[in-house]
Every structure is written in C-alpha cells, then in structure tokens.
Student: 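One structure follows; several queries about it will come next.
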Protein chains: 2
Amino acid sequence: MGDNGRTRARPEQHSGSGATGTRRRGRALEDAILDAAWEVLVDHGYTGFTFEAVATRAGTSRPVLYRRWPQREDLLLATLAKNWQPVEIPDTGRLRDDAITFLRRLNADRARNVVVMCIQLADYFRDTGTSFCDLRDSLRPSGSSAPLQVIVCRAVERGELPDVPRTDRILNLAFDLVRHDLLMTMDALPDESIVEIVDEVWLPLLKAAG
Amino acid sequence: MGDNGRTRARPEQHSGSGATGTRRRGRALEDAILDAAWEVLVDHGYTGFTFEAVATRAGTSRPVLYRRWPQREDLLLATLAKNWQPVEIPDTGRLRDDAITFLRRLNADRARNVVVMCIQLADYFRDTGTSFCDLRDSLRPSGSSAPLQVIVCRAVERGELPDVPRTDRILNLAFDLVRHDLLMTMDALPDESIVEIVDEVWLPLLKAAG
DNA sequence: GACATAAGATGCAGCAGTGTATCTAAGAGC
DNA sequence: GCTCTTAGATACACTGCTGCATCTTATGTC
C-alpha cells in the first residue's frame, strides 16, 4: 500500500566504531555481530542475550540476525565458537613449571571465559538439558587430550615421573580444582592457591601413584 | 465505577492439592507459596522465577505475593531459607566410613540443591555481584565449621590420623571435588566416583600430610 | 452476629522481546 | 551502467511479566 509516511531520518551509519558511512557486508558484518554478541553475553548473560540487544550493540537490526541465525541458540553457538580459544600448553622441561605456568594461563583466561560459559549460560544449559561438560567437549578440538595429561606424559617420557597407570581423576585434579575455585568465587584464584594446588595436592599424588 | 460486568465464575478453590474449598491464610498460605516457589525455581531457574509463575503454581494471585515480598529477591531469599538444610554429619567411628557416608548424603541431597542454588541462580549472582561462596556462607549456621573438618577432627581424636596441621584446601578437598563434579555434569556422581575420591585422593593426602 | 482483616480474582497500562513482512538503498559483480 | 543481493530501517501483531488498583468474599476475633 502506498506511502505510509515514513521519512527516512538519515541514510544509516551503523553507529559502530569507525563509522565510515560504508555499509558492512558478508564476513565483516558477521564478525562485527559476533563480537557484539560476545560483549552482550559477557555483560548480561544468556538471559540478556536477546536478538534485540545484540542487534543494537552491533549497530544493525534484528532481521539481519534472523537471516543468519534463526534461533537464539544458533547465534549463541556461533558466538562461542568464535571466542573460545584453548589455553596454550607450555613445555619448560620441568613438570612443576609446566603445571604452574599452564594453570596460571588457565586462571587468567578462564577467569573471564569460564564464568561466562558456565555461570552466565546456566539458562542455556537448563533449556537444552546439556551441561558445561557437554559444551566443553564439543568445543575442545576432537581427538586432543586434556592439557594436564599432555604435561604428565612429557614428564614420564623425561623420566621425571614413574610410568604407572593413572586415573583421569588424578591427572585432571589440578585443572578441576582451579575450575572449582573459579566457579565458586566467580573470580580468578590468587597465585598462592595455584602453587598450593600443585605442590600440596597434585604433585604428591602423582609421585605417590606408584 | 459501577458494575463492570464481572461475573465471578466460581468462588475459588485455589487449584492446589487437597482443595478443601477452604481459603488458606497466614502461615499455611506462606508455606504453600514458598513450596511452590521452590518448585518453580527448580524447574525454571531464576529467570523463570516470576511472581506470575509462582502465584500460578501456588494457586493464588500476584497481589498476595506482592503484599509479603515486594521484590523478587525477597521472595527468593525466603524460598532458599526455607528449603536449605545442612547435610547431616555421620559418626561411624571410622574415618573412611564417615567420609563416604557424608559424601553420599551430600551427593544425593545437593544433586538437587546445589544445581538449583548455583547454576539456576546464575542470573541472581550476576545481578547482585555476589557468588555462590557468599550465599553458602550466609546460609551455613554461623560458627559451625566445614563438615569434613569435623570428620577429620574426630579421626585425629581417635588416633586414626596424626595430629598435624592441615590446610583448608586438603581438608575440604573431597567436598570440593564432589561439588565440582556436580556443577560440571549437573547430575549426581556415580557411587564409584565418591569411593575413588576418598580412597585415591583424599585419604592418601590426609595420611601423607605428616 | 458484626466487624476487621486479608485472600483471591480481575483489570489495566506499560514495557520488552519475538518473529515476520515490507520497503529503501548500498554495494558487489557483470 | 545495470542488475542482483542484502543491509538496514521500520512497522505490526503477539506474548509474557510488572506493579498497582479495585472489588468481592472467606475467615478469625470480639
């Protein structure tokens, strides 16, 4: 039906950062949206993670999002996939240094991410009946083993540890404890805690497991 | 003003359970509401924890809730306070049995509660800037020590363990690991895991700490 | 039995998000 | 330059929750 009195305020300008007046397309647009989506997720959790909020933050409009990700979950998974980076595994030649360095990196990195991915996503987990465990598994590069397992393997190869079978529980204990503290306090661990976990708990168990 | 055509379908009947046709009041009503609120919280998390949902579930109406708890947070805290029970600490006379029995109880009980209180409440934590840690501390009877600490104390008194200083990290390790698994899987641990945690991790560390 | 209190029903304005449809215009490819 | 795709704006109907106001009526107390 004819003219419904719309009066185009100004062309556009996507209110983003540089705002060159140019209109974003394809990959560039998609990246900008997913970055905006990540920020929204960090700031407001899954509950505040609405098409409305993400579109506004990205300086675009909801239809643009709906065209790419019909469901909120699709947008969420795309956002996570783009922003999740595995923590680098150090190789210093000494078990204790490897462990402490790795856990420090983990602590710094996941103090942001784990809180987002586990705590903020609680509603997502409830809605879908999945758990943090499932999500982690689906984001970890398939076939790769747990970081601490790699570190222990190297120590065994160097002869730093006896070559005896160890349970996953023991191998991942230090990782689990750091994650536990992150979840409980929703904040990074003090460095002393990391050293304590390695020296008082993990290493003694690894050495005693013979 | 005047008759606005309302035609009172039927008196009421609060659609609850027994539905004796009697109208609930005071304490009975409050209990019923808080029970309903707990169910809503378990089923739908803090996000779905609306005055609307709780009132419907309780078979009452929103004004009744607003009169008692003006804010959603008030209703939440009342609901938690009513439904949080500390896990009973066993006293079998043997350290290992005490630990395994306690952790089994914890596992069964918190598989429902911790998931609700930590995961489902994520939005609450985000909104208020508190953490699960803070909430646990405020719900644990003040002055009482951690359950595993009590169990270890008794073992030391019986001479089952050497009387050496132990860090909180070690003392609470078994508890923390159970909690960690609960959070990660959002489900109860298999019984083997509890036994493994006690026999392969916690007891060796307690004995070696001399 | 009269009265005060409070339960419970209902209405309503407001707000935020959803999902979709429609239109204009920018920009890429030919 | 022309055309095709699609970004971006806007509108609309719908849903669900919020606070609050108002009314009726059940129930306990005197």
Side-chain angles (χ1 to χ4, degrees), chain A residues 1-16 19-34 36-37 40 44-76 123 127, chain B residues 1-16 19-34 36-37 40 44-76 123 127:
Chain A
M1 305 62 161
D3 176 3
N4 24 12
R6 289 194 236 132
T7 24
R8 226 91 194 69
R10 11 167 216 122
E12 83 274 349
Q13 198 87 344
H14 75 67
S15 83
T20 63
T22 184
R23 181 176 281 186
R24 300 162 297 179
R25 292 204 147 219
R27 196 44 202 260
L29 176 61
E30 204 157 308
D31 283 351
I33 291 174
L34 292 181
V40 170
H44 304 290
Y46 188 61
T47 304
F49 186 74
T50 63
F51 281 82
E52 181 75 21
V54 173
T56 302
R57 188 97 169 210
T60 184
S61 60
R62 281 179 293 127
V64 175
L65 304 196
Y66 279 110
R67 281 169 201 142
R68 290 153 198 273
W69 306 280
Q71 306 293 328
R72 184 161 73 145
E73 185 175 346
D74 301 331
L75 177 56
L76 174 72
D123 289 313
D127 290 349
Chain B
M1 303 84 167
D3 176 4
N4 24 12
R6 289 192 238 136
T7 24
R8 227 89 194 72
R10 14 172 212 118
E12 83 274 350
Q13 196 89 341
H14 76 67
S15 83
T20 61
T22 182
R23 181 176 279 186
R24 299 162 298 179
R25 291 200 149 224
R27 196 45 201 262
L29 176 62
E30 205 157 308
D31 283 352
I33 291 174
L34 292 181
V40 170
H44 305 291
Y46 188 61
T47 304
F49 187 72
T50 64
F51 281 82
E52 180 77 22
V54 173
T56 301
R57 187 95 169 211
T60 183
S61 60
R62 281 179 290 128
V64 175
L65 305 195
Y66 279 111
R67 281 171 201 144
R68 289 153 199 273
W69 305 282
Q71 307 292 329
R72 185 161 72 143
E73 186 175 343
D74 301 330
L75 177 56
L76 175 72
D123 288 312
D127 291 348

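A note on names: the letters A, B, ... follow the listed sequences, proteins ahead of strands, and every chain is numbered from 1.
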Student: Could you tell me the separation between the CD atom of A:Glu52 and the C1' atom of D:dC12, rounded to a whole number of Å?
Tutor: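 Going from CD in A:Glu52 over to C1' in D:dC12 covers 14 Å.
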Student: Identify which nucleotide among D:dA7, D:dT18, C:dT18 has an atom closest to any side-chain atom of A:Thr50, counting heavy atoms from C-beta outward.
Tutor: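 Per side-chain heavy atoms of A:Thr50, the pick is C:dT18.
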Student: Any side-chain N or O of B:Arg62 below 4.0 angstrom from OP1/OP2 of D:dG19?
Tutor: no
Student: Taking side-chain hydrogen bond (donor to acceptor under 3.5 Å, both in side chains) as the definition, give me every residue that meets it alongside B:Asp31, ordered by chain and number, with sequence neighbours left out.
Tutor: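 Checked B:Asp31 against side-chain hydrogen bond (donor to acceptor under 3.5 Å, both in side chains); matches are B:Arg27.
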Student: Just jot down the salt bridge (charged side-chain N to carboxylate O under 4.0 Å, His left out) partners of B:Glu52, sequence neighbours excluded, or say none.
Tutor: B:Arg62
Student: What is the separation between atom CD1 on B:Ile33 and atom P on C:dA6, rounded to the nearest whole Å?
Tutor: 14 Å
Student: How close or far is atom C1' of D:dT18 from atom OH of B:Tyr66, stated in whole angstroms?
Tutor: 5 Å
Student: On a plain distance test, is the side chain of A:Arg67 in donor-acceptor contact with the base of D:dG8 below 3.5 Å?
Tutor: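 Donor-acceptor pair under 3.5 Å: yes.
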Student: The side chain of A:Pro63 is closest to which nucleotide in this list: C:dG8, D:dT18, D:dA9?
Tutor: D:dA9
Student: Taking only the side-chain nitrogens and oxygens of B:Thr60, find out if one of them lies under 4.0 Å from OP1 or OP2 of C:dA7.
Tutor: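 For C:dA7, neither OP1 nor OP2 has a side-chain N or O of B:Thr60 closer than 4.0 Å.
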Student: Choosing from D:dG19, C:dA9, D:dA9, which nucleotide comes nearest the side chain of B:Ser61?
Tutor: C:dA9
Student: Could you state the atom-to-atom distance from CZ of B:Arg57 to P of D:dC17 in whole Å?
Tutor: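 In whole Å, D:dC17 P lies 14 Å from B:Arg57 CZ.
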Student: What pair of heavy atoms forms the shortest contact from B:Phe49 to B:Arg72, and how long is it?
Tutor: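 Result for this residue pair: O-CD, 3.2 Å.
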Student: Rounded off to whole Å, could you give me the CG-to-P distance for the A:Asp31 and D:dA7 pair?
Tutor: 13 Å
Student: Taking CD from A:Glu30 and C1' from D:dT6, how many angstroms apart are they, rounded to a whole number?
Tutor: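 A:Glu30 atom CD is separated from D:dT6 atom C1' by 13 Å.
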Student: Applying side-chain contact (heavy atoms from CB on, under 4.5 Å), can you list everything that pairs with A:Ala53, at least two apart in sequence or on another chain?
Tutor: A:Val40, A:Thr50
Student: Excluding sequence neighbours, so at least two apart, what forms side-chain hydrogen bond (donor to acceptor under 3.5 Å, both in side chains) with B:Arg67?
Tutor: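 For B:Arg67, no residue satisfies side-chain hydrogen bond (donor to acceptor under 3.5 Å, both in side chains) once neighbours in sequence are set aside.
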Student: Quick one: A:Glu73 CD to C:dG19 C1', roughly how many Å, whole number?
Tutor: 18 Å
Student: Take the C1' atoms of the five end pairs on each side of the helix from C:dG1-D:dC30 to C:dC30-D:dG1, derive the two axes, and give their angle rounded to 10 degrees.
Tutor: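 Inter-axis angle at the termini of the helix from C:dG1-D:dC30 to C:dC30-D:dG1: 20°.
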Student: Within this structure, what is the CH2-to-C1' distance between A:Trp69 and C:dT18, rounded to whole angstrom?
Tutor: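 From A:Trp69 CH2 to C:dT18 C1': 17 Å.
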Student: Give B:Phe51 one of three labels, base, sugar-phosphate or nothing, depending on what nucleic acid heavy atoms sit under 4.0 Å from its own.
Tutor: sugar-phosphate
Student: Rounded to the nearest 0.5 Å, what's the gap from CG on B:Asp74 to CG on B:Leu65? Could you check?
Tutor: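 Nearest 0.5 Å value for the CG-CG distance: 12.0 Å.
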Student: Run the side-chain contact (heavy atoms from CB on, under 4.5 Å) test against B:Ala36 and tell me which residues pass, sequence neighbours left out.
Tutor: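 side-chain contact (heavy atoms from CB on, under 4.5 Å) list for B:Ala36, sorted by chain: B:Arg57, B:Ala58.
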